[in-house]
Amino acid sequence: MARPFRFGVNLLTLESAEAWRGKCRHAEQLGYDVLLAPDHLGNPAPFPALATAAEATERPRLGTFVLNAGFWNPALLAREVATCDALTDGRLELGLGAGYVKAEHDSAGLPFGSPRERVDHLVHTVAELERLLSDSEHRPRSTQSPRPPLLLGGNGDRLLRLAARHADIAAFTGAVQPAGKPQGTLQLISPEALEGRIAAFRRFAAEAGRTKGSDGTGIELNYLIQMVGTTDDRRAKARELAPYAPDLTEDQLLEHPALLLGDAKEMAEQLRAHRERFGFSYFTVLEHNMEAFAPVIEELHGG
């Protein structure tokens with residue numbers, strides 16, 4: 001039986017407290033299941049933003065999408081996580097990643113390091129969070145036990161192995177840093193390559209004997225949709241986007257879960273196909289796509 005869909009929106013802008021609360025309430029009314037906050041300089045600080053979102057809403061989960069592990073000391077992060085989980089009445093979902101934007105680390109005066117060093121720090125952070133949040137003596141205590149659900153995002157083998165061992169939700173970037181491009185530039189991999197990454201993750205989870213999440217169901221798979229394009233000509237829209245993914249064919253663009261093109265019914269069918277092909281049941285959109293994606297949620301909720 002297919003896993004039910006969940007839909008999240010990554011909220012990126014903060015104009016005022018009133019506007020933030022109103023936006024969160026509106027996202028709830030549109031049917032979003034998870035309200036998310038990123039962890040980039042220039043965006044709202046994630047934990048106070050999520051605590052405020054919880055006060056303004058009743059149903060949605062609240063999540064970080066995703067914390068840049070290089071910004072955080074694990075002990076201080078454990079305090080933030082436990083506090084936010086308590087203040088959101090156990091609605092928090094913790095998303096973590098290794099980080100990929102060097103300019104942000106430079107601006108914050110923090111070391112960026114090599115890819116290996118960044119993943120090393122993420123591995124250490126996950127281990128420390130598991131240790132601290134599962135300790136009955138840790139204060140403050142999180143509401144969810146032993147910790148909030150953990151989402152880990154990435155693409156490489158080491159990160160997928162980490163997710164296979166520890167995550168309740170595995171988020172696939174489906175993109176890589178292209179050679180010769182500025183650091184922090186991401187380029188889509190093909191749908192076939194994405195299938196290979198998912199197959200590797202499933203193999204790593206089987207090797208770890210951990211094909212189930214903490215709730216007893218299969219580990220949930222997430223994907224971030226980069227574009228929601230309402231159109232009556234999907235192929236024409238794909239041709240417009242071709243310069244942004246020069247290594248992909250038109251058919252590969254149309255099959256890619258990063259791009260959702262068509263009317264609401266066509267988009268809903270695309271997501272059903274992605275769930276069947278890739279295993280994705282939890283899809284995230286960016287704030288500027290929140291309204292355009294709402295009719296798709298209406299088509300799919302309950303499906």
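- One finds a salt bridge joining Lys102 and Asp106 here, because a Lys/Arg side-chain nitrogen approaches an Asp/Glu carboxylate oxygen to under 4.0 Å.
- Counting only N and O atoms by type, the side chains of Glu287 and Asn10 include no donor and acceptor under 3.5 Å apart.
- For the atom pair OG1 of Thr88 and CD of Glu55, the computed distance is 10.5 Å after rounding to the nearest 0.5 Å.
- Using a 4.5 Å heavy-atom threshold, the side chains of Asp39 and Trp72 count as touching.
- Residues Glu15 and Trp20 are not in side-chain contact: their nearest non-hydrogen atoms beyond the backbone lie 4.5 Å or more apart.
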Chi angles and distances behind the side-chain hydrogen bond (donor to acceptor under 3.5 Å, both in side chains) call for Thr230, Asp263:
CA-CA 5 Å; Thr230 303; Asp263 60 27; over 6 Å; no
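- The number of heavy atoms from other shown groups lying within 6.0 Å of CZ (Arg59) is above 12.
- Side-chain heavy atoms closer than 4.5 Å link hydrophobic residues (I, L, V, M, F, W, Y) into clusters, and following such links, possibly through other members, connects Val228 to Tyr244.
- Contact of the Leu253 side chain with the Leu259 side chain is registered, since non-hydrogen atoms from C-beta on lie closer than 4.5 Å.
- Counting heavy-atom neighbours within 6.0 Å of Arg79 CZ, excluding the residue itself, gives a total of 12 or less.
- Relative to the six-membered ring of Phe204, Arg161 meets both conditions, a distance below 6.0 Å and an angle of at most 45° to the axis.
- Between Pro74 and Leu129, the shortest heavy-atom contact is O-CD2, 3.9 Å.
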List the steps and the verdict of side chain to side chain contact (heavy atoms under 4.5 Å, CB included) for Leu194 and Tyr223.
CA-CA 11 Å; Leu194 180 56; Tyr223 199 84; 3.9 Å; yes
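- When each of Leu151, Leu96, Leu224 is tested with Val66 by the rule side-chain contact (heavy atoms from CB on, under 4.5 Å), just one qualifies, namely Leu151.
- At least one donor-acceptor pair under 3.5 Å links the side chain of Thr64 to the backbone N or O of Gly95.
- Between the side chains of Asp89 and Thr143, no donor-acceptor pair of N or O atoms lies under 3.5 Å.
- Counting heavy-atom neighbours within 6.0 Å of Asn73 CG, excluding the residue itself, gives a total above 12.
- In the model, Gln270 has a side-chain atom that pairs as donor or acceptor with a side-chain atom of Arg234 under 3.5 Å.
- Note: the hydrophobic cluster containing Val126 also contains Val119 (ILVMFWY, side chain heavy atoms under 4.5 Å, direct or indirect links).
- Cluster annotation: Leu132 is not connected to Leu152 through the hydrophobic network of ILVMFWY side chains, with a link wherever side-chain heavy atoms come within less than 4.5 Å.
- Criterion: ILVMFWY side-chain heavy atoms under 4.5 Å apart, direct or through other members. Under it, Leu14 and Met290 are part of a common hydrophobic cluster.
- Phe283 does not carry Arg6 over the face of its six-membered ring by the limits of under 6.0 Å from the centre and within 45° of the normal.
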Set out, in order, the CA-CA distance, both residues' side-chain angles and the distance that settles side chain to side chain contact (heavy atoms under 4.5 Å, CB included) for Ile198 and Phe280, then state yes or no.
CA-CA 10 Å; Ile198 294 164; Phe280 299 135; 3.6 Å; yes
Could you please spell out the steps behind the side chain to side chain contact (heavy atoms under 4.5 Å, CB included) verdict for Glu93 and Ile169?
CA-CA 9 Å; Glu93 296 184 0; Ile169 308 160; 3.7 Å; yes
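- Crowding of Glu192 atom CD: a count of heavy atoms from other residues, nucleotides or ligands under 6.0 Å exceeding 12.
- By the salt bridge (Lys or Arg N to Asp or Glu O under 4.0 Å) test, Asp135 pairs with no residue at all, sequence neighbours left out.
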Applying salt bridge (Lys or Arg N to Asp or Glu O under 4.0 Å), run through Arg158 and Asp120 and close with a yes or a no.
CA-CA 9 Å; Arg158 284 191 70 204; Asp120 284 345; 2.8 Å; yes
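- The closest side-chain donor-acceptor pair between Thr57 and Arg91 falls under 3.5 angstrom.
- Residues Arg275 and Arg3 come closest through the heavy atom pair NH1-O, 2.8 Å.
- Separation of the Tyr32 and Phe7 ring centroids does not fall under the 6.0 Å cut-off.
- Annotation for Glu28 and Glu58: closest pair OE2-N, 3.1 Å, computed over non-hydrogen atoms.
- In this structure, the side chain of Ser134 engages the main chain of Arg131 through a donor-acceptor pair within 3.5 Å.
- At distances below 3.5 Å, at least one donor-acceptor pair connects side-chain atoms of Glu117 with backbone N or O atoms of Ser114.
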Are Arg197 and Asp157 close enough, and set up right, to give a salt bridge (Lys or Arg N to Asp or Glu O under 4.0 Å), and what steps lead you there?
CA-CA 8 Å; Arg197 294 287 74 209; Asp157 278 0; 2.8 Å; yes
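- Inter-residue side-chain proximity for Val34 and Phe65 is flagged as unmet; no heavy-atom pair is nearer than 4.5 Å.
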Report the C-alpha separation of Thr284 and Val9 in whole Å, then their side-chain angles, then the decisive distance to 0.1 Å, and conclude whether the side chain to side chain contact (heavy atoms under 4.5 Å, CB included) test is met.
CA-CA 5 Å; Thr284 304; Val9 56; over 6 Å; no
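- For the residue pair Gln144 and Leu92, the shortest heavy atom distance occurs at NE2-O, 2.9 Å.
- Using a 4.5 Å heavy-atom threshold, the side chains of Leu67 and Leu94 count as touching.
- Using a 4.5 Å heavy-atom cutoff, the side chains of Glu255 and His274 are not in contact.
- By the 4.5 Å heavy-atom criterion applied to side chains, Ile219 and Asp168 are not counted as neighbours.
- The shortest non-hydrogen separation linking Leu133 to Ala82 is CD2-CB, 4.1 Å.
- The hydrophobic cluster containing Leu300 also contains Leu260, counting ILVMFWY residues as joined when their side-chain heavy atoms lie under 4.5 angstrom apart, directly or transitively.
- A distance-only check finds no donor-acceptor pair linking the side chain of His105 to the backbone of Gly113 [under 3.5 Å].
- Proximity of a side-chain donor or acceptor of Gln252 to a complementary backbone N or O of Thr249 within less than 3.5 Å is detected.
- The closest side-chain heavy-atom distance from Leu221 to Arg202 is below 4.5 Å.
- A donor atom on one side chain and an acceptor atom on the other are found under 3.5 Å apart for His26 and Glu291.
- Of all heavy-atom pairs between Ala208 and Arg165, the closest is CB-CG, 4.1 Å.
- Taking the six-membered ring for Trp and the full ring otherwise, the centers of Phe201 and Phe172 sit less than 6.0 Å from each other.
- Within a 6.0 Å sphere centred on CD of Glu298, other residues, nucleotides and ligands contribute 12 heavy atoms or fewer.
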